[in-house]
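The structure appears right after this line, and notes come after that.
Within every chain, numbering begins at 1; the chains are lettered A, B, ... in the order of the sequence lines, protein sequences first and strands thereafter. Values reported hereafter were calculated over all heavy atoms of this structure, with side chains retained and with hydrogens, waters and symmetry mates removed.
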Amino acid sequence: MRPLPRSFYDHDSRLLAPLLLNKVLVVGERRARIVEVEAYRGAEDPASHAYRGPTRRNAVMFGPPGHLYVYFSYGVHWCANVVCGEPAAGHAVLLRAGAPLAGLDAMRAARPAARRDRDLCSGPGKLCQALGLTGTDDGADLVAPTPGGPWLGDDGTPPPAEPGVSVRIGITRAAEHPWRWFVAGEPNVSR
DNA sequence: CTTTGGATCGTCT
DNA sequence: GACGATCCAAAGG
């Protein structure tokens, strides 16, 4: 398995998000299949961190596609996004949940609160904690990863023909848009 | 199983 | 100085 090419990320976040389902997120020896995502749309999306233009925090979203935007949420957790679309468009796809594939022991050690394996990666904060993603990974290049750094690959599993769709979770502004996609029936999708 | 409230801090107003 | 793209433990049914 090799990193997906830069061209894969050169799309509007609403188009790319469902294509990310069933792709594999790799961090060192830990691997998880992406089963839930949300699209955020920069200046056209009041819920996006990029809505009001570039700041220190969101700078990565205004760079080239195929990089990781990692931010600190609620003073407690890290959340990871894939930057996509036209450079400087501020588009990104939030990685909301994954199915553990490899490195399960490391994930369990990183998430002692998880009682069952389905609790390891079933949320944006949980996914980052299980895979060890933090602020040091903000800006990481998913196309040309550093040793042990994060990247995305395709193991031959296609995206679902009919993914589940719903409104986005946990936001207050622009909450009406159906820009969340997930693998229907998959037990690792967040609640 | 569902609901509720606390934790905790970087970021932007 | 207020708030947030969340998680978890505790309590109640």
Integer-rounded Å distance: C:dG4 C1' and A:Arg173 CZ: 9 Å

Nearest-Å distance for atom pair NE2/C1', residues A:His91 and C:dA5: 16 Å

Within 45° cone and under 6.0 Å: A:Arg14 NZ/CZ vs A:Tyr40 ring: no

5'-to-3' dot-bracket of DNA chain C (Watson-Crick, G-U; under 3.5 angstrom; crossing pairs as [ ]; | other strand): ||||.|||||||.

Near-parallel close stack of A:Tyr71 and C:dA5 base (under 5.5 Å, under 30°): no

Nearest-nucleotide pick for A:Arg52, side chain only, options being B:dT13, C:dG4, C:dA5: B:dT13

A:Arg56 CZ to B:dT13 P, straight-line distance once rounded to whole Å: 15 Å

Proximal nucleotide (of C:dA5, B:dA7, C:dC8) relative to the A:Arg111 side chain: C:dC8

Between A:Ser48 and A:Arg41, a side-chain donor and acceptor under 3.5 Å: no

Side-chain ion pair, A:Arg2 and A:Asp154, N-O less than 4.0 Å: no

Residue whose closest nucleotide on DNA chain C lies nearer the 5' end, A:Thr172 versus A:Ala114: A:Thr172

Nucleotide C:dA5, atom C1' - distance to CH2 of A:Trp179 in whole Å: 14 Å

Basic-acidic side-chain contact under 4.0 Å: A:Asp119, A:Arg108: no

Closest nucleotide among C:dG4, B:dT11, C:dT6 to the A:Ser73 side chain: C:dT6

Rounded distance (Å) that lies between atom P of C:dA5 and atom CG of A:Leu127: 18 Å

Whether A:Tyr69 and A:His49 hold their rings parallel, tilted or perpendicular, with breakpoints at 30° and 60°: perpendicular

Sugar-phosphate, base or nothing in reach of A:Ala113, heavy atoms under 4.0 Å: sugar-phosphate

Short side-chain donor-acceptor distance under 3.5 Å, A:Thr157 and A:Arg33: yes

Between C:dC3 (P) and A:Tyr51 (OH): distance, integer Å: 19 Å

Under-4.0 Å side-chain N/O to phosphate OP1/OP2 contact, A:Arg96 with C:dT6: yes

Gap between atoms CZ and P, on A:Phe72 and B:dT11 respectively (whole Å): 10 Å

Closest to the A:Val76 side chain, choosing from B:dA7, C:dA5, C:dC7: B:dA7

Closest to side chain of A:Met61, choosing from B:dA7, B:dT11, C:dA5: C:dA5

Nucleotide of C:dT6, C:dC8, B:dC12 approaching A:His77 most closely (side-chain heavy atoms): C:dT6

Side-chain (A:Asn58) to main-chain (A:Thr55) donor-acceptor, under 3.5 angstrom: yes

Phosphate-side-chain proximity, A:Arg191 and B:dT2, N/O vs OP1/OP2 below 4.0 Å: yes

Interatomic distance, A:Trp78 CH2 vs B:dT8 C1' [rounded to whole Å]: 13 Å

Base of C:dA5 and ring of A:Tyr40 stacked, centres under 5.5 Å, planes under 30°: yes

Touch class at under 4.0 angstrom, heavy-atom based, for A:Arg57 against every strand present: sugar-phosphate

Among C:dA5, C:dT6, B:dC12, the nucleotide that comes nearest once only the side chain of A:Tyr74 is considered: C:dT6

Side chain to side chain, A:Trp78 and A:Asp137, heavy atoms closer than 4.5 Å: no

